[in-house]
There are 4 protein chains.
Amino acid sequence: MLTLYRQRKKSIREEVGEMIVVMVNGAKEEQIDDVVRRVENAGLQAHVSRGMEQTLIGVVGDKRNYPEVLSLEVMPGVEKIIPILQPFKMASRSFKQEDSSVKVGNLVIGGDTIHIMAGPCAVESREQLFETAWQVKEAGATILRGGAFKPRTSPYSFQGLEEEGLKLLAEAREATGLYIVTEVMDTRTVEVVNEYTDIIQIGARNMQNFVLLKEVSSVNKPVLLKRGLSATIEEWLMAAEYIMAGGNHNVIMCERGIRSFDTYTRNTLDLCAIPVVKHLSHLPVVADPSHGIGKWRFVPAMSRAAIASGADGLIIEVHVSPETAWCDGPQSLNPVKFAAMMADLRNIAKVMGKNL
Amino acid sequence: MLTLYRQRKKSIREEVGEMIVVMVNGAKEEQIDDVVRRVENAGLQAHVSRGMEQTLIGVVGDKRNYPEVLSLEVMPGVEKIIPILQPFKMASRSFKQEDSSVKVGNLVIGGDTIHIMAGPCAVESREQLFETAWQVKEAGATILRGGAFKPRTSPYSFQGLEEEGLKLLAEAREATGLYIVTEVMDTRTVEVVNEYTDIIQIGARNMQNFVLLKEVSSVNKPVLLKRGLSATIEEWLMAAEYIMAGGNHNVIMCERGIRSFDTYTRNTLDLCAIPVVKHLSHLPVVADPSHGIGKWRFVPAMSRAAIASGADGLIIEVHVSPETAWCDGPQSLNPVKFAAMMADLRNIAKVMGKNL
Amino acid sequence: MLTLYRQRKKSIREEVGEMIVVMVNGAKEEQIDDVVRRVENAGLQAHVSRGMEQTLIGVVGDKRNYPEVLSLEVMPGVEKIIPILQPFKMASRSFKQEDSSVKVGNLVIGGDTIHIMAGPCAVESREQLFETAWQVKEAGATILRGGAFKPRTSPYSFQGLEEEGLKLLAEAREATGLYIVTEVMDTRTVEVVNEYTDIIQIGARNMQNFVLLKEVSSVNKPVLLKRGLSATIEEWLMAAEYIMAGGNHNVIMCERGIRSFDTYTRNTLDLCAIPVVKHLSHLPVVADPSHGIGKWRFVPAMSRAAIASGADGLIIEVHVSPETAWCDGPQSLNPVKFAAMMADLRNIAKVMGKNL
Amino acid sequence: MLTLYRQRKKSIREEVGEMIVVMVNGAKEEQIDDVVRRVENAGLQAHVSRGMEQTLIGVVGDKRNYPEVLSLEVMPGVEKIIPILQPFKMASRSFKQEDSSVKVGNLVIGGDTIHIMAGPCAVESREQLFETAWQVKEAGATILRGGAFKPRTSPYSFQGLEEEGLKLLAEAREATGLYIVTEVMDTRTVEVVNEYTDIIQIGARNMQNFVLLKEVSSVNKPVLLKRGLSATIEEWLMAAEYIMAGGNHNVIMCERGIRSFDTYTRNTLDLCAIPVVKHLSHLPVVADPSHGIGKWRFVPAMSRAAIASGADGLIIEVHVSPETAWCDGPQSLNPVKFAAMMADLRNIAKVMGKNL
C-alpha cells in the first residue's frame, strides 16, 4: 500500500494551490484549532483571520501537500473551502505569457492568418467529398473537415465510413492540397486516425473522456479540442491540460455551442468564451458556428461575430447538397453560400488586422 | 358568469394556431373518437392521420376556438399536444415583412446607423453624470444611459436617486444634446419616468412583469425591452407582443446575456439571439455587452461581435472612475477605453455597411 | 448631493461582509500597496497573505464600509473579489437559529402539521371554484388556491377574473372554512388582494420585482414567495430579505421548479432546494409539484418526494374538469386523483413525524 | 461505394418515425409540391394539411426510409421538421409494457426490494475498503461501490488504483458477500473490469462515449448507466438503447444530478427524472444523491425523497473517514450517519410497499 500511496502523492502533486477555509458563523475555538492542526500536520501553514462574523483560515505552502487538506470541508465547524488558484497550469497565461500558435503543415493557427476549416459533417462518398473539397478550397478554406467515425445519439443512425472514410480524406488532401481534420472517438483508433489526418479532433461528447485525452497526449499531432456541451471554461482548459500534461502542447481550443434552456437553436454558441479563453490561456481558439447555432441561415452572422470576437479560425459544415446530406444537413451551407460568406469574413478579418 | 365567459372568449381569441394532437402508441378507437368529438364541438376540424405506431390528429379552423381544446392533453389516450404556430403576431415577420425602425428624436434605431447608448450604471451625482455624458458624446455615443431607479438583488444596496436622478438626466440632455434612456420598475412611476426620458427601459428582471408591460404599452415612447435572464426567444418576443398589443409599436429588443452554468462570466451574452430575432421579427435589436459578459476587459470584443452579428446598436456602461462606482464598476469602461473601443467599432460597422 | 450620499451610505450599510481580494499572478508590489491603501482609506483593515503564486488580501472591519471597496475589482493587478459572508441577514439561520413558523388564521405553517394548499390555477366561475373547494377540503386540504390575477405569457390569454375572482374566493372561504392563497402582480392591487386573501402569493416571474416585494413587506399578512425560474437559492433568500427588511417576517418559501435544458417536463422541480433552504434559513418551505413538473401524471410522485425531503407543505393544482380548464389543465389533478394522492401523502408525513 | 450505401441504409433503418414538415407562412405551391415529391421519391406518403396560416405535411410510411427526408429542413419554403415518435425502441414502454428487473447474483433490481449500493468514491487501500464494506453491509447495503479507475477533472489528481483496486474489490466481495459495482472508462479495460465486477458502471462523463457503450453492450453483465451532466431524458434513454441494441438488456438507469445555474450545491439531483423514466421506459432506475447534491449533510433528505419518488435503489458514498478521503470527502457519509439514514429509508420504503 505504501507504494501506492507514494504514487498517489506524486500523481496529484499540483492539483490545487492557495485555498481559504471558511468556518461557520459561531465556530468554536477548538474547531478552529482542529483545522489549523490538520493543515499544519500536512506540512502547510494556516493563517487565521477572525472577521466580525466568520473566521477564515488561509492555507499556503507546498502545493504537493494540498490534497491532504482538501477533504477537511467535512470537519465540524467548517462551512466551505474556496480554492483560489486556477487548476490548469501549462494551459494558463501564467505558464506562458505570449500567444501560442499551432503548426499544421505549413499553416500556422493562432497567428496573423485566420484559417477556415470546411467540409461535410460526414464523409459519404468520394464524389461528395471531392466536390465539396474543391469548392471550399476555391472559396479560400485551407483545411478540409469530414467525419469518418461519427458520434451519433442513436445507435440506428449512420456511424461513418470508418477507415474507408479516412482513406478518402487522405486522397482528397493529395488531390487538393487541403489539410485534414477528422474526429477520433476511440483509444483503439487513435493510431489509424493519426496515420491519415493532420489535426485530430476530440468531439464535444468526449471532452472529458480522459483516457482518450491521455491517448492523444502522446501523439505528435495537433489536437482540435471541442468544448463539452455543458463544460465550464475551467473544465475545458483542464481537458487541454490533460493533453499538454502528456506531452502534446499542440492544442487548438474549439467553442462549438453550449446547451441552454432555449429551444429555437440547436445550441448556443458562446462567443464570450473566445476572449475569456484568450485571456486565461495562451492557446489558439477557433469557433464552430455550424454546430454552435445549428441552422445554416444563421451561420454567416455567427461566423462574422466569432472573428470579430477574436477567434483564430472557424470550422464550418459545407455540403454540396445539404438537403440530401446523411447528417447535419440543416446546419450545412452549400458551396455558393459558403463562398459568399467567405467574402464577408475577409473584410471582418482585415478590420481585425488579420489575413484570411 | 355568462358575461365573464364571453369576455374570456374575447381576451384569449388568438393565443394559438394550428396544433397537432399526438395519441399514445396503442390509443383505442374510442379515445381517438372522443378527441375528434371535443375538437368538433369546439367548432374546429380534426384531421386524423394514422401512422405505423401513433395516430396524429391535426386541428385546424378558427383560432378563436383553439383555447377550447388546449387542455385536451389530459384526455385518456392523448400523449401530448404540439402547437405549430408562433404565438406572437404583431412582433412577427409574418405580420410585417420589412424591418421596423424606432425614432428617438431625430435618431433612427434600426436603420443605416448604429447607435451607441453609453453612461453609468446609476446616476450618482451631477458631476459624475455630466462628466461621463460629455466624454461618451465626444467618443460618438448618441444616447445617454443612467439608472435613477435601480433593481438591486439586496434591499441594503443603493436603490438609485429616483426623481432627483431623472432631473439630472434631463439636465444632462439639455447640456449635451444626448438623448436619454433610463429604467422604469414600477407602474406607479411610469408617468414620471416618461416625463423625463426619451426611451423607457424595461429591465431583465421585469421582462415578464406583465402589468408593467401593459402600462408602458399605452405610453407614446420607445421602449427598450431587455431579455429576461432565462427567457426563451419566444417568451421575449411575447413580452414585446404585450407592449405592441397595447398600442405601442416602438419596441427595441435588447439582448443582455442569459444565465448559464458557467461561473467565470457574470452572464453569457447570447449573440445567437441577434440574427434569430431579426429572422423571426421585424423589430430592431441592440446588445448590452456590459451586463452580457460582466467584466470590462471583455466588453470591446463582445461589442465588436455584436455589431458583426447584426445588432442595430449597443448599450454600454461607462463610468469616469469605475473603481469607485456605486454599482457595476467591474463591468464599466472608463472614458479612455470607451473611446478606443469606438474607433474599432466604426471599422466593423463600415464592413457591415452601416454608419456609426 | 451630500444628503444623497449619506442616504446611500445608510441604505447599503450591510450589503457584504468579509471578502478576499485575489491579486493576479505576478502582481506588483505597488499594486498591492494601492489596494491596501484603498481598503484602509475606507476605514477597513487589509490582511496581506503572500502565497507561492498569488497574493490574497483579506478585508475585515465595519461592514458599513464594505461598499467602498466593492469596485476595486477594476484596480490594476486585481484578479477578482470573493465575498465570503451570505448577503441575507434576517432570513438566515445565523439571525434566528430555531425554525420559524407562519400563522394563517388558526393554522401553523412550519410546525408539526403539513398543510396542503389546493385548488384551480384560475378562478373561472362560482360553480367551478366551489365544487373544487368542497372536494379538496373533503380530501384534507386546509387552504384554497385560485388565481384572480393571472400572469400569462401571452397578452391574448385569459388574464383572470380580477376583483370578481377575489370575491368568489372570499365567498368560498366563508362557505368551506378553507383559508385562501392568491397571487398579487401589481403594487396597485396589493391593497385589494390583501383585503380578501389570507396568504399573498408572489409568483415566480415577480420574485425580483423589487417594488412589489417592498409593497408586500409593509402588509401584515403571510407571503408565499415562489422561487424564480432561474433564481439561485441565494437570490431567492435575498427576495425574502426584501420582504423581511420592510417589516413582514411572515414569509413562506415555495420551490416551484427551475428552468433546465430538458424539454420533456415543463420545469424541473428542484427538491435539493428544500433541505438547503432549511439549512441556510429558518423560514418554512413548501413545494409546488404541479408547476414543478408540469404534468398531472407525475404530481403524486413529486408530492411524496417533496414531503420526504422535508417540505412543510404543498400547493397543488386541482380542477373539477382538467380537460376543460382555462389554464394549466395538463398539470391539474381531478378531485378523485387528488384524494387518492392525499392518502399516500399521509403515510409519508407519518414517517416524517408529522401530521397531515 | 454501393456496398457502403447499403450498409448505411441498414444501419440507420429505424432512426425516426412519424414526422411533420411545417412550411413557412406564405410558402408557395411549388415549394409544397417539391417537398411532397421528395417525400414520395423516398417511398413515403405525404399528407398535406392546409391551415389558415401555415401548411403542414405529415409524413408516414416505412421508417427505414425516413432518413432520406430528414434533411429536407433546408428546402426552400420549409420552416422546420417536427419528429413525433420517440427515437428509443427497446428501452421504451411500447416495446415492453411490464417493468424490467435486472438480476445481480441472487438480487433483483427493479422488483419489490430496494437495493442500496454503498462504499467509498475510490478504493484507497485494503483497510479502508474492507472496513467500509463491513460497515455498510451491517447497515443493510447489498452492493459495494468503489472506484478503481477514476475520471478526474484534473490530470494531477489521483486516478485510481486500477487493477490493484479491482482485486481489492473482489476480495471484499469474497469476505463480505456484498456484490460489486465499479466504473469502466476505457474500451480496453472492459474485459478486466468485467472479470472482477458484478455491475459495470458507465459514468456521467461517458454517457455519450458511444464506443464504450457498444463495448459493454456485448458483455453479459448488468450495466449501471449514469445520466450525463446535461443529458436530456431522451438522450439518456438513447444511451441505454445503444447498450440494448448490442444485445445487453440488463441496463439500470442512474440519475446523479444535472448541471444547473445554481452554485450552492455541486449538482442538482433531478428527481423528476425518476417517475418520467419509469413512465417512458420499463428499465429500473436508481438515484445517486451523493453526487446529486454533493454535500453529505443533505444526502439523507435526498435519499428519502428519491425512494418516495419511486427509485428502485440508491448508490451512496460512504467513507470510514470522510475528512481524509482521497476524493469526494465532502459528499461522503461516515458509517454512523449512513446507518442512521438506513433506518429512515426503511420506513419510507415500507410506505412505498417495498422492502429494504
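Here is the naming used below: chain letters follow the sequence lines, and residue numbers restart at 1 for every chain. All of these numbers come straight from a predicted model, not from anything done at the bench.
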### Query
Do B:F298 and A:K278 come close enough that some side-chain heavy atom pair is under 4.5 Å?
no
### Task
Give, for atom CG of B:D344 and atom CE of A:M352, the distance between the pair rounded to the nearest 0.5 Å.
7.5 Å
### Query
What part of A:A306 lies closer than 4.5 angstrom to a heavy atom of chain B: side chain, backbone, both or neither?
neither
## Note on the structure
Bottom line for A:I307: the part with an atom under 4.5 Å from chain B's heavy atoms is neither
### Query
Less than 4.5 Å apart, any side-chain heavy atom of A:D262 and any of B:V276?
no
### Task
With the side chain counted from C-beta on, respond yes when A:T232 and B:Y264 share a heavy-atom pair under 4.5 Å apart, and no when they do not.
no
### Task
Can you establish whether the number of heavy atoms outside A:D112 located under 6.0 Å from its atom CG is more than 12?
no
### Message
With a 4.5 angstrom heavy-atom cut-off, is it the side chain or the backbone of A:T265 that approaches chain B, or both, or neither?
### Response
side chain
### Message
Please identify, among A:G292, A:A231, A:G310, the residue contributing the most non-hydrogen atom pairs under 4.5 Å to chain B.
### Response
A:A231
### Query
For A:F261 and B:R259, which heavy atoms make the closest approach, and how far apart are they?
CE2-O, 3.9 Å
### Query
At what distance, to the nearest 0.5 angstrom, does CD1 of A:I258 lie from CD1 of B:I258?
6.0 Å
### Task
Report, as yes or no, whether the 6.0 Å neighbourhood of atom NZ on B:K96 holds more than 12 heavy atoms from other residues, nucleotides or ligands.
yes
### Task
Side chain from CB out, backbone as N, CA, C, O: work out which of these in A:R297 comes under 4.5 Å of a heavy atom of chain B, or both, or neither.
side chain
#### Entry: A:R304 CZ to B:S309 OG distance, which is reported to the nearest 0.5 Å
7.5 Å
### Query
Side chain, backbone, both or neither: which part of B:L280 has a heavy atom under 4.5 Å from chain A?
side chain
### Message
Does any backbone or side-chain atom of A:S260 lie under 4.5 Å from a heavy atom of chain B? Answer side chain, backbone, both or neither.
### Response
side chain
### Message
Out of A:A301, A:A273, A:P289, return the one with the most heavy atom pairs under 4.5 angstrom to chain B.
### Response
A:A301
### Message
Restricting to non-hydrogen atoms, name the atom on A:L269 and the atom on B:C272 that form the minimum distance, rounded to 0.1 Å.
### Response
N-SG, 3.3 Å
